[in-house]
**Q** 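This structure is in structure tokens; I'll ask about it shortly.
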Amino acid sequence: MMHFRTNAVQHHGLRNQGATCYLNSVLQVLFMTREFREAVDRHTHYLDRHLGDLFNELQRHTTFTHTLTHQLSIRVWEQEDAAEYFVEIVTRSSPEASQIFRGQLIHKTKCSKCNTVKKTEPHFWLLPLALMDSNSKTYSVVDGIREFFRDSHFRGLDQMYCEECDDKVDATVTCEVKHHPEVLVLLLKRFDFDYHYMRYVKSHQAVDVNLSLHIPENQTYELYAAVDHVGDLRGGHYTATIKNQDEDQWYNFNDERVTRIRPIRLEKTKNAYLLFYKKKQKMSDAPKECEIIKIENQCRYMKNGTFTPKNMCLLFRVVIILSIVVVTLSRT
């Protein structure tokens, strides 16, 4: 992510205990995700209590993560994977907190011989986008999403077993979204096993990251955070770039150092690893113009009339509708 620095920092950092930059970066994203921060603050069980204590300290000053590294049995001098510990933290959080990141897919496998369709509905915390299979010099996140949801065909040596036919058959697998999470997390699979060298390697593939993303079943998301990784498998460093959603301002979190920044472009980045997108409200869920006009007419009627039981009923309806409008607009 390309950016340059400005001043006036309002946030605090997390101290590195040795090689815990991956943990610090993930925790800063979770802290800056308002819905998650507020949810863990309402619970004293699961991992929420320890997250809540850390978040309360982080609002006041730079702090350590000793309690969480102990709870997660982390060896602080060993570099770990940020995506792995993101999943570890949300799965150990309360259902109310973790459901913000929890989505659900529908996989349908259709036998080409008997046309039987088998369906599974797995949940997910993040969607992995493969970089190793990309033949282009610059990888597009939009193309990656399109590829993820593209139908898969299994033929020849790749045939699948059909219970109804009791035989290997050609099959087609489709993927749909059953539930869109409030926050969609994309994993750019930079670390993968290379069968040519017989070892894990890191891909430095340049990636075009879109600020706005359209997911199948007509859902739009907006980018608000990214976890970057520089270096390779033997030695690297994680940082996080996050937008404060209250003030529409971006910050870079590099362990205890926090810098206010202004993004200038999000293309051809070779460091982006985890991308966090917040769900936008669908236009169909927005208040309809006719409802606003109806409210105005009812308010005008009550202003000129008297507070009869009928008018009081109208007033009650107006208050309810206005409350819905306010809540809806606050989420956009």
Side-chain angles (χ1 to χ4, degrees), residues 11-103 123-128 181-191 200 202 225-231 233-242 253-258 272-276:
H11 299 284
H12 305 286
L14 292 169
R15 301 195 186 280
N16 195 322
Q17 296 184 53
T20 56
C21 55
Y22 64 93
L23 179 67
N24 291 349
S25 299
V26 168
L27 288 172
Q28 290 285 13
V29 174
L30 294 176
F31 171 74
M32 295 287 281
T33 306
R34 185 193 311 115
E35 296 86 351
F36 184 84
R37 184 177 68 242
E38 293 175 350
V40 299
D41 197 45
R42 291 191 288 267
H43 291 270
T44 57
H45 301 291
Y46 304 95
L47 199 62
D48 295 37
R49 177 166 62 92
H50 305 293
L51 288 169
D53 291 342
L54 175 69
F55 291 167
N56 288 331
E57 290 186 19
L58 201 52
Q59 288 180 327
R60 301 191 301 270
H61 53 76
T62 298
T63 187
F64 284 95
T65 57
H66 293 305
T67 301
L68 278 175
T69 52
H70 174 72
Q71 291 293 322
L72 297 171
S73 301
I74 288 176
R75 297 177 180 177
V76 297
W77 293 104
E78 295 182 7
Q79 179 75 267
E80 299 289 354
D81 181 54
E84 177 184 343
Y85 275 86
F86 162 73
V87 174
E88 178 74 12
I89 290 171
V90 296
T91 53
R92 294 181 59 174
S93 301
S94 64
E96 180 187 356
S98 63
Q99 61 87 26
I100 295 167
F101 301 96
R102 190 182 189 189
H123 291 91
F124 68 90
W125 301 112
L126 48 79
L127 296 182
E182 289 300 312
V183 174
L184 175 68
V185 184
L186 301 181
L187 166 64
L188 303 179
K189 296 180 65 178
R190 293 197 177 276
F191 307 107
Y200 280 93
K202 179 186 177 181
V227 171
D228 294 342
H229 181 271
V230 295
L233 286 173
R234 295 182 178 180
H237 183 63
Y238 286 95
T239 61
T241 305
I242 313 169
F253 295 82
N254 185 358
D255 289 332
E256 66 270 20
R257 298 188 299 277
V258 182
Y273 182 51
L274 288 173
L275 303 174
F276 294 78

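No experiment lies behind these values; they were computed from the predicted model shown.
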**Q** Got Y238 and D81 here, is their nearest side-chain heavy-atom distance under 4.5 Å?
**A** yes
**Q** Would you say the side chain of L47 lies within less than 4.5 Å of the side chain of L68, judging by non-hydrogen atoms?
**A**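 Yes; the side chains approach each other to less than 4.5 Å.
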**Q** Could you walk me through whether L72 and R92 pass side chain to side chain contact (heavy atoms under 4.5 Å, CB included), step by step?
**A** CA-CA 10 Å; L72 297 171; R92 294 181 59 174; 3.6 Å; yes
**Q** Are H11 and F31, when compared by the centres of their aromatic rings, separated by less than 6.0 Å?
**A**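 Centroid distance H11-F31: not below 6.0 Å, so no.
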**Q** Does E84 have any side chain to side chain donor-acceptor pair (under 3.5 Å) partners at least two apart in sequence or in another chain, and if so, which?
**A**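 Side chain to side chain donor-acceptor pair (under 3.5 Å) list for E84, sorted by chain: empty.
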**Q** Among residues at least two apart in sequence or on other chains, which ones pass side chain to side chain donor-acceptor pair (under 3.5 Å) with D48?
**A** S94
**Q** For R15, enumerate each residue passing the side chain to side chain donor-acceptor pair (under 3.5 Å) test, keeping only those at least two apart in sequence or located in another chain.
**A**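 Per chain and number, R15 pairs via side chain to side chain donor-acceptor pair (under 3.5 Å) with no residue.
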**Q** Quick one: are H229 and R190 in side-chain contact, heavy atoms under 4.5 Å?
**A**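 Side chain of H229 against side chain of R190, heavy atoms only: no contact under 4.5 Å found.
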**Q** Within a reach of under 6.0 Å around NE2 of H45, are more than 12 heavy atoms found that belong to other residues, nucleotides or ligands?
**A**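 Counting neighbours around NE2 of H45, 12 or fewer heavy atoms of other residues, nucleotides or ligands fall under 6.0 Å, so no.
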**Q** Considering residues, nucleotides and ligands other than F124, do more than 12 of their heavy atoms fall under 6.0 Å from its CZ?
**A**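 Count over threshold, so yes.
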**Q** Tell me, yes or no, whether the heavy-atom count around H70 atom NE2, taken from other residues, nucleotides or ligands under 6.0 Å, exceeds 12.
**A** no
**Q** Would a 4.5 Å heavy-atom cut-off, applied to side chains only, mark F55 and V40 as touching?
**A**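 In contact.
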**Q** Are any non-hydrogen side-chain atoms of T63 and H12 less than 4.5 angstrom apart?
**A**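 Side chain of T63 against side chain of H12, heavy atoms only: no contact under 4.5 Å found.
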**Q** Does the side chain of T65 come within less than 4.5 Å of I74's, by heavy atoms?
**A** no
**Q** Should we say atom CZ of R49 is surrounded by more than 12 heavy atoms from elsewhere, each under 6.0 Å from it?
**A** no
**Q** Just jot down the salt bridge (charged side-chain N to carboxylate O under 4.0 Å, His left out) partners of E80, sequence neighbours excluded, or say none.
**A**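 Counting only residues at least two positions away or on another chain, E80 forms no salt bridge (charged side-chain N to carboxylate O under 4.0 Å, His left out).
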**Q** Looking at I89, is its backbone amide N or carbonyl O close enough to the side chain of S93 to form a donor-acceptor pair, meaning the two atoms are under 3.5 Å apart?
**A**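 Checking the backbone N and O of I89 against the side chain of S93, a donor-acceptor pair under 3.5 Å is found.
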**Q** Do you know which of L186, L187, V29 makes side-chain contact (heavy atoms from CB on, under 4.5 Å) with L274?
**A** L187
**Q** With a 4.5 Å cut-off on side-chain heavy atoms, are T33 and I242 touching?
**A** no
**Q** Please tell me whether Y273 and F86 form a close aromatic pair, meaning their ring centres lie under 6.0 Å apart.
**A**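 Centroid separation for Y273 and F86: 6.0 Å or greater.
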**Q** Would you call the rings of Y46 and H43 parallel, tilted or perpendicular, where under 30° means parallel and over 60° means perpendicular?
**A** perpendicular
**Q** What's the spacing between L54 CG and R37 CZ if we round to 0.5 Å?
**A**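 So the CG of L54 and the CZ of R37 are separated by 12.0 Å.
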**Q** Counting only heavy atoms not in R34, do more than 12 fall under 6.0 Å of its CZ?
**A**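 Yes - once you tally the heavy atoms of other residues, nucleotides and ligands closer than 6.0 Å, there are more than 12.
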**Q** Can you sort out the partners of E57 under salt bridge (charged side-chain N to carboxylate O under 4.0 Å, His left out), two or more places apart, ordered by chain and number?
**A** none
**Q** Considering only heavy atoms from C-beta outward, does the side chain of V185 approach that of F101 to under 4.5 Å?
**A** yes
**Q** With distance as the sole test, does Q99 use its side chain to make a donor-acceptor pair with the main-chain N or O of E96 at under 3.5 Å?
**A**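 Indeed, once roles are kept as given, a pair shorter than 3.5 Å links the two residues.
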**Q** Kindly give the heavy-atom pair with the smallest separation between L14 and T62, and that separation in Å.
**A**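 Minimum heavy-atom contact is N-CG2, 4.4 Å.
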**Q** Keeping T69 on the side-chain end and H66 on the backbone end, is there a donor-acceptor pair under 3.5 Å?
**A**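 Present.
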**Q** Can you name the residues that form a side chain to side chain donor-acceptor pair (under 3.5 Å) with N254, not counting sequence neighbours?
**A**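 Result, side chain to side chain donor-acceptor pair (under 3.5 Å) vs N254: H237.
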